[in-house]
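As the structure is a computational prediction, the values presented were derived from the model and not from experiment.
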Amino acid sequence: IHSRLELHSNAVNLRKKTKRFEKCGIDLSVKSHFSRNDVPAIIDSIKCMAGDNDDKYLSYLPMIKEVLYNKEREKYYRIFVFNHGDTIHGVYICEILSNDTVGLYCAITSKEFPGITEWIDYYFFKQMYISKIAYVLLGGSENKGVYEYVKKLLPLSPPYTMFTLSYLA
């Protein structure tokens, strides 16, 4: 008698969408080291990827500026920028909290290709696994889109949604 390991439905969906992207034949390059000159293009791409969702862009912007302009960022953060040619299609930023734990603070992708978000998710989590990261903290949800993103990665849905309030200083 041999039993078959059953995959969680989220994992099955992730695998299907990842394979769909791979069939497109799009090769993404991944960059993890940046100069200050790269920052404006990264910020502009995040605005573009956020589209009409100003809340998403506004919630990410202060954190992204802080991380990208931080001189010691490689000591505290891991940054992944996914490119196809000269176009940025994804930006993932996580903070290194301990030897085996990171907090994923930014995960934004374009919607230009079917399955690109899932492929980038898979790449990111695979890199964490290779780096012996046992825990990836996904945090709260600034809006419905982020809430749906977190739900698709978890076997259980988070019981809350957090909203960002913008104010002028």
Side-chain angles (χ1 to χ4, degrees), residues 7-15 17-18 21-22 28-36 38-50 53 55-84 88-111 115-164:
L7 290 177
H8 189 279
S9 62
N10 289 355
V12 171
N13 289 335
L14 183 73
R15 186 173 64 181
K17 290 178 180 179
T18 299
F21 176 74
E22 289 171 349
L28 294 179
S29 61
V30 184
K31 188 174 177 184
S32 295
H33 303 286
F34 310 94
S35 73
R36 291 179 75 81
D38 296 320
V39 174
I42 295 170
I43 291 172
D44 288 346
S45 71
I46 289 169
K47 172 105 173 115
C48 184
M49 287 184 281
N53 191 340
D55 285 346
K56 187 178 208 175
Y57 175 70
L58 292 173
S59 68
Y60 281 147
L61 187 60
M63 170 192 46
I64 289 167
K65 283 183 175 179
E66 172 65 27
V67 170
L68 292 176
Y69 285 117
N70 185 327
K71 291 180 182 175
E72 296 184 335
R73 70 174 165 256
E74 292 184 19
K75 188 173 174 182
Y76 301 107
Y77 301 97
R78 301 265 318 262
I79 304 166
F80 300 87
V81 174
F82 298 84
N83 299 292
H84 177 61
I88 295 174
H89 287 283
V91 177
Y92 279 46
I93 299 173
C94 62
E95 182 178 6
I96 302 165
L97 300 172
S98 70
N99 288 340
D100 69 347
T101 305
V102 298
L104 179 59
Y105 295 142
C106 174
I108 188 166
T109 63
S110 73
K111 305 291 184 230
I116 191 170
T117 299
E118 291 77 13
W119 187 91
I120 292 175
D121 287 343
Y122 177 76
Y123 179 92
F124 171 79
F125 286 109
K126 183 172 146 185
Q127 294 308 305
M128 294 301 100
Y129 178 78
I130 290 168
S131 300
K132 300 195 181 332
I133 299 296
Y135 306 100
V136 178
L137 307 178
L138 299 176
S141 304
E142 291 81 14
N143 58 48
K144 186 168 175 31
V146 175
Y147 178 72
E148 293 302 322
Y149 169 79
V150 171
K151 275 189 0 183
K152 82 174 183 181
L153 295 174
L154 297 175
L156 301 172
S157 299
Y160 60 89
T161 301
M162 180 180 80
F163 295 95
T164 302

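When the side-chain hydrogen bond (donor to acceptor under 3.5 Å, both in side chains) test is applied to S29, no partner is found at least two apart in sequence or on another chain.
To the nearest 0.5 angstrom, I79 atom CD1 is 9.5 Å from I64 atom CD1. Within the model, atoms CZ of F82 and NZ of K31 stand 14.0 Å from one another, a figure rounded to the nearest 0.5 Å. Taking OH of Y77 as the start and CD of E95 as the end, the distance is 4.5 Å to the nearest 0.5 Å. With rounding to the nearest 0.5 Å, the separation of OG1 in T109 from NE2 in H89 is 10.0 Å. Rounding to the nearest 0.5 Å gives a distance of 9.0 Å between CG of D38 and CG of L68. If you take CD1 on I120 and CZ on F21, they are separated by 6.5 Å, rounding to the nearest 0.5 Å.
Residues K111 and M49 fail the side-chain proximity criterion, which asks for heavy atoms closer than 4.5 Å. You'll find the side chain of Y57 reaches within 4.5 Å of the side chain of I46, heavy atoms only. Using a 4.5 Å cut-off on side-chain heavy atoms (C-beta onward), L137 and L104 make no contact. Looking at heavy atoms from C-beta onward, Y92 lies out of side-chain contact with Y123 at the 4.5 angstrom threshold. Within the 4.5 Å cutoff, the side chain of R78 has no heavy atoms near those of the S32 side chain. For the pair V136/C94, no side-chain contact is recorded, criterion being any heavy-atom separation below 4.5 Å from C-beta on.
Counting only distance, with no hydrogens or angles, the side chain of T101 and the backbone of S98 share no donor-acceptor pair below 3.5 Å. One N or O on the side chain of S131 and one on the backbone of Q127 form a donor-acceptor pair closer than 3.5 Å.
Shown here for V102 and I96, the closest heavy-atom pair between the two residues is CG1-CA, 4.1 Å. Between S110 and I116, the shortest heavy-atom distance links the atoms O-CG2, 3.2 Å.
Environment of CZ in F34: crowded, with over 12 heavy atoms of neighbouring residues, nucleotides or ligands closer than 6.0 Å.
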Side chain to side chain contact (heavy atoms under 4.5 Å, CB included) between N83 and L28, worked out: CA-CA 5 Å; N83 299 292; L28 294 179; over 6 Å; no
